[in-house]
Amino acid sequence: MALRLRFAAFSLLLLSPLLLHAKTLKRDMKALNEIKASLGWRVVYAWVGDDPCGEGDLPPWSGVTCSTQGDYRVVTELEVYAVSIVGPFPTAVTNLLDLTRLDLHNNKLTGPIPPQIGRLKRLRILNLRWNKLQDVIPPEIGELKSLTHLYLSFNSFKGEIPKELANLPALRYLYLQENRLIGRIPPELGTLQNLRHLDVGNNHLVGTIRELIRIEGCFPALRNLYLNNNYLTGGVPAQLANLTNLEILYLSCNKMSGIVPLAISHIPRLTYLYLDHNQFSGRIPDAFYKHPFLKDMYIEGNAFKPGVKPIGIHKVLELTDTEFLV
């Protein structure tokens, strides 16, 4: 055992100079220096030197994470957020082919996401929320097969939700709320076996829930479904109870109607149910009031019969992003 430990230590000693003196891949140096030179990138005052991974006594650039692959260092994470970056999305970013995390949220980026975003095949987290991005969501995002978290909320994206997002087998969290998206929610999203959180609230979407869940066995892992503040019509189909992992169902402020089916009360861990400001009618089955997990049920702004009561002390539900970055 002692001999093995001495050999391991000796091997590490031999490798250390290689790691310390590995050169940063020219492709990545060029891409980040292009970004550094572009107008509006206020973070660049902290980007000293020409090597984003650090050189000599200079540390890596702020927000840049590098790792060693073979004889080279490559950029694997770029996190430059909440620093008031102004201007178009930096296309040079799409040359950082080893990126696993790209976080540019809470800036002032404008224009479209370039279709070249589809080149980042190793990307797992793409966070562009809270910017001023426009145009359509590029279907090329559907080529990012390793993506687990996609944050595009609080921008000005228009057009339809691309059905190509259903080509992301690892996707767990999809945030598209607070944009200008139109059309129907692609039912193909229901084929995402790992999707836990879907938020398309505060857009201009139409259609029905029945259309959304028409694929048999859809949304098997979904916990949180936010459809609020759109133009959805039709009723709540009893088949929605097949989403047995559902915990939050947010239907507020649509144009939905009909009765609330008893089957929904059979969703085992349903915790928050938002039905308010629609055109629902009739009575709510007693089973909802006996549900062991249901903490809040919002019903105001509907046409329910007299005597129908809400459940819980009504507070605004706020979930932080850190609860989903797991």
Side-chain angles (χ1 to χ4, degrees), residues 118 126 136-145 147-153 155 157-261 263-264 266-270 272-275 278-280 324:
L126 177 58
V136 299
I137 297 173
E140 288 81 3
I141 289 181
E143 299 173 12
L144 308 178
K145 304 300 184 183
L147 206 63
T148 60
H149 295 68
L150 178 56
Y151 300 88
L152 300 179
S153 51
N155 281 285
F157 291 114
K158 62 182 181 180
E160 298 188 353
I161 299 171
K163 65 178 182 300
E164 286 82 0
L165 297 183
N167 297 333
L168 301 173
L171 193 64
R172 296 163 68 184
Y173 301 100
L174 178 56
Y175 292 79
L176 301 176
Q177 75 270 25
E178 295 283 352
N179 281 290
R180 300 174 183 176
L181 300 171
I182 62 171
R184 288 170 164 75
I185 308 165
E188 291 87 353
L189 294 180
T191 63
L192 294 171
Q193 298 296 302
N194 296 298
L195 190 65
R196 298 182 183 182
H197 184 98
L198 173 59
D199 192 342
V200 296
N202 288 92
N203 280 288
H204 306 291
L205 300 169
V206 299
T208 68
I209 294 180
R210 187 176 299 277
E211 293 170 339
L212 176 61
I213 63 170
R214 65 180 174 80
I215 297 176
E216 187 175 356
C218 64
F219 298 109
L222 196 65
R223 297 179 183 176
N224 308 320
L225 179 58
Y226 287 71
L227 304 175
N228 56 290
N229 295 83
N230 281 292
Y231 298 97
L232 301 183
T233 54
V236 177
Q239 294 89 333
L240 191 61
N242 293 332
L243 278 59
T244 56
N245 289 306
L246 210 58
E247 297 176 7
I248 299 173
L249 179 58
Y250 204 162
L251 305 178
S252 304
C253 301
N254 278 287
K255 297 180 179 295
M256 299 182 66
S257 59
I259 63 169
V260 180
I264 303 303
H266 297 156
I267 300 176
R269 293 187 176 273
L270 187 63
Y272 297 97
L273 177 59
Y274 293 79
L275 303 171
N278 279 284
Q279 299 165 19
F280 293 120
F324 302 114

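Every value quoted in this text rests on a predicted model; they were computed, and no experiment measured them.
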Min side-chain heavy-atom separation [X]-[Y] under 4.5 Å:
{"X": "Phe157", "Y": "Asn203", "value": "no"}
{"X": "Leu189", "Y": "Leu174", "value": "yes"}
{"X": "Leu222", "Y": "Leu246", "value": "yes"}
{"X": "Ile182", "Y": "Glu160", "value": "yes"}
{"X": "Leu249", "Y": "Leu243", "value": "no"}
{"X": "Pro187", "Y": "Glu211", "value": "no"}
{"X": "Ile141", "Y": "Pro162", "value": "no"}
{"X": "Asp199", "Y": "Tyr250", "value": "no"}

Any donor-acceptor pair under 3.5 Å linking the side chain of [X] with the backbone of [Y]?
{"X": "Asn254", "Y": "Asn278", "value": "no"}
{"X": "Asn245", "Y": "Pro220", "value": "yes"}
{"X": "Glu178", "Y": "Leu176", "value": "no"}
{"X": "Asn230", "Y": "Leu232", "value": "no"}
{"X": "Lys163", "Y": "Pro139", "value": "no"}

Give me the atom names and distance for the closest heavy-atom approach of [X] to [Y].
{"X": "Glu247", "Y": "Asn224", "result": "CB-OD1, 4.2 Å"}
{"X": "Ala263", "Y": "Ala241", "result": "O-CB, 3.3 Å"}
{"X": "Ile209", "Y": "Met256", "result": "CD1-CE, 3.5 Å"}
{"X": "Leu171", "Y": "Leu192", "result": "CD2-CD1, 4.1 Å"}
{"X": "Thr244", "Y": "Pro268", "result": "O-CD, 3.3 Å"}

Q: Count the heavy atoms belonging to other residues, nucleotides or ligands that lie under 6.0 Å from NZ of Lys255, then report whether that count exceeds 12.
A: no
**Q.** Approximate separation, where rounding is to 0.5 Å, of Leu198 CG and Tyr173 OH
**A.** 13.0 Å
Q) Do Tyr226 and His197 have ring centroids that are under 6.0 Å from one another? A) yes
